Structures are given as C-alpha cells and as structure tokens.
Amino acid sequence: MYTRTPNPEPRIPSLLLCLILCGLTGCFLFPKGSLDIPPAAKPQYDQGLAFYRQGRFAEAEATFQQVLSADRRAVLARYWLGLSLTQQKKTARARDQFYQIITLSPKLPHGYYGLGLVALQGKHRRFDALDWFREALKRDPTFVDAQWQLALTRLALAQGLFGAFTVGDIRREFERVIKLDPNH
C-alpha cells in the first residue's frame with residue numbers, strides 16, 4: 001500500500017512572495033524616499049529653510065507642507081517639517097513625519113534623529129532618546145547633530161547622585177562632536 005507523506009517544507013503563498021520581491025526590488029507599491037527636491041518646489045523649500053532659521057516655525061511648517069504636496073517622497077522636506085513641528089511642540093504630528101522618513105528611507109539617519117528629539121519632549125524619555133540618537137549614528141557616524149544631542153542627553157542623565165554616565169564618558173561624546181565639526 002502506498003502512503004503519501006506530507007511535504008515538510010512550508011510553502012510561501014504566491015501573493016506574499018510577490019510582495020517580498022516588490023519590496024526588495026523597489027517596485028511602485030513601496031515607494032522610496034528621495035533626497036532630491038523637485039526643481040519646481042526648490043524655491044519653496046529654500047523659503048521654508050529661511051523661515052525655520054528665523055524661528056518662524058509655523059510659516060516653515062506651511063511651506064514644507066506645500067513642498068510635500070509637490071512630492072510626498074521628499075525626505076528632506078519631511079525632515080524639516082518634522083523639526084518645525086517639534087519646535088512648536090506638536091509632538092504627535094512630528095513623530096508621524098519622522099516615522100514616515102524611516103519608512104521611506106530606513107538607511108538615512110534623519111528619521112531616527114527626529115524621533116530622538118521627539119522623545120526628549122516626553123516625560124522621562126531620555127533613555128529612549130539616547131537609543132534613537134545612537135540609531136541615527138549607526139546610519140551615519142558623521143551626523144554631528146545626532147552626536148551633539150547624544151552628548152547633551154548623556155550630560156543631563158549624569159547629573160544627580162545616581163548619574164547614569166561618568167564625566168569621562170560625556171567628555172568623549174563632546175570630543176567626538178568637536179572632531180566631527182569644530183565649529184559646532
């Protein structure tokens with residue numbers, strides 16, 4: 001009598017296989033972020049940066065929203081929008097922008113850095129912020145703003161009787177900042 005043995009290897013459904021292949025090859029279902037600003041939106045982007053640097057964060061927010069209406073994948077516009085929202089204490093909306101950056105471009109440090117800034121606005125979230133800044137530095141060890149925030153956060157955690165970090169650790173963090181950008 002012939003008995004049939006079941007196939008011990010699990011089978012991947014064809015739809016799941018297609019989704020995996022699309023994700024790996026960058027097909028249209030999973031759009032990637034772009035560091036390029038569309039030429040038509042470049043003047044608006046530059047105006048948004050000017051507003052941000054002047055401390056006019058609400059105007060910067062509106063301007064970066066316009067840039068994103070031209071190209072939803074513009075990672076840098078989304079980054080500056082997230083920073084503008086963070087400055088205005090619009091934490092939930094800023095967090096959404098930074099998570100979208102990670103989704104669009106997981107290899108870039110910008111989204112992780114932004115999530116670190118958002119964590120700093122939360123109560124008792126400094127250790128979470130440290131993790132986000134470290135994650136940003138894994139993506140780009142030369143990202144000086146993440147290194148700076150990492151050092152400042154460690155300094156804040158070192159104060160008090162039960163400081164989490166030693167002065168020597170913190171000094172090395174600030175030395176890394178100086179090495180990356182002496183004028184920071």
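Note that the structure is a prediction, hence the values are computed from the model and not measured. Along the sequence shown, the residues carry numbers beginning at 1.
- Judged by distance alone, with hydrogens and angles left aside, the side-chain atoms of Arg95 form no donor-acceptor pair with the main-chain N or O of Leu115 at under 3.5 Å.
- Residues Ala136 and Pro109 approach most closely at O-CB, 3.3 Å, considering heavy atoms.
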**Study point:** Trace of the ring pair (Phe, Tyr, Trp, His ring centres under 6.0 Å) decision for Phe51 with Phe57
**Key:** CA-CA 7 Å; Phe51 284 146; Phe57 303 118; over 10 Å; no
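- Trp132 and Ala119 get closest at one heavy-atom pair: CD1-CB, 4.3 Å.
- Ion pairing of Asp96 with Arg93 is absent here, as no side-chain N (NZ or NE/NH1/NH2) approaches a carboxylate O to less than 4.0 Å.
- Atom-to-atom distance recorded for Asp131:CG and Phe127:CZ is 9.5 Å, nearest 0.5 angstrom.
- Residues Val67 and Ala77 approach most closely at CG1-CB, 3.6 Å, considering heavy atoms.
- A donor-acceptor pair is defined here as one N or O able to donate and one able to accept, closer than 3.5 Å; such a pair exists between the side chain of Arg139 and the backbone of Pro106.
- Inter-residue side-chain proximity for Phe174 and Leu152 is flagged as met; some heavy-atom pair is nearer than 4.5 Å.
- No side-chain donor from either of Gln47 and Thr63 sits under 3.5 Å from a side-chain acceptor of the other.
- For the pair Glu175 and Arg172, the salt-bridge criterion is not met [side-chain N within less than 4.0 Å of a carboxylate O].
- No side-chain heavy atom of Leu81 sits less than 4.5 Å from a side-chain heavy atom of Tyr52.
- With values rounded to the nearest 0.5 angstrom, Tyr113 atom OH is found 6.0 Å from Phe133 atom CZ.
- At least one side-chain heavy atom of Gln97 sits under 4.5 Å from a side-chain heavy atom of Leu68.
- For Ser105 against Val75, the heavy-atom pair with the smallest separation is OG-CG2, 3.5 Å.
- The CD atom of Glu61 sits 4.5 Å away from atom CG of Leu85, with the distance rounded to the nearest 0.5 Å.
- Put simply, the side chain of Arg126 reaches to within 4.5 Å of the side chain of Leu120, judged on heavy atoms.
- The CD atom of Gln147 sits 5.0 Å away from the CG atom of Leu137 when rounded to the nearest 0.5 Å.
- Remark: the backbone N or O of Ser84 is paired with a side-chain donor or acceptor of Gln88 at under 3.5 angstrom.
- Note: Trp80 CH2 to Thr86 OG1 = 11.5 Å, rounded to the nearest 0.5 Å.
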Exercise for review: Check step by step if side chain to side chain contact (heavy atoms under 4.5 Å, CB included) holds for Arg73 and Arg78.
Suggested key: CA-CA 8 Å; Arg73 299 172 301 127; Arg78 193 169 298 283; over 6 Å; no
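- For the residue pair Pro141 and Leu180, the shortest heavy atom distance occurs at O-CD1, 3.7 Å.
- Here the closest non-hydrogen pair linking Gly82 and Ala94 is O-CB, 3.6 Å.
- Not one N or O on the side chain of Gln149 forms a donor-acceptor pair closer than 3.5 Å with the backbone of Leu117.
- The shortest distance between side-chain heavy atoms of Leu76 and His110 falls below 4.5 Å.
- Note: Asp145 CG to Asp140 CG = 10.5 Å, rounded to the nearest 0.5 Å.
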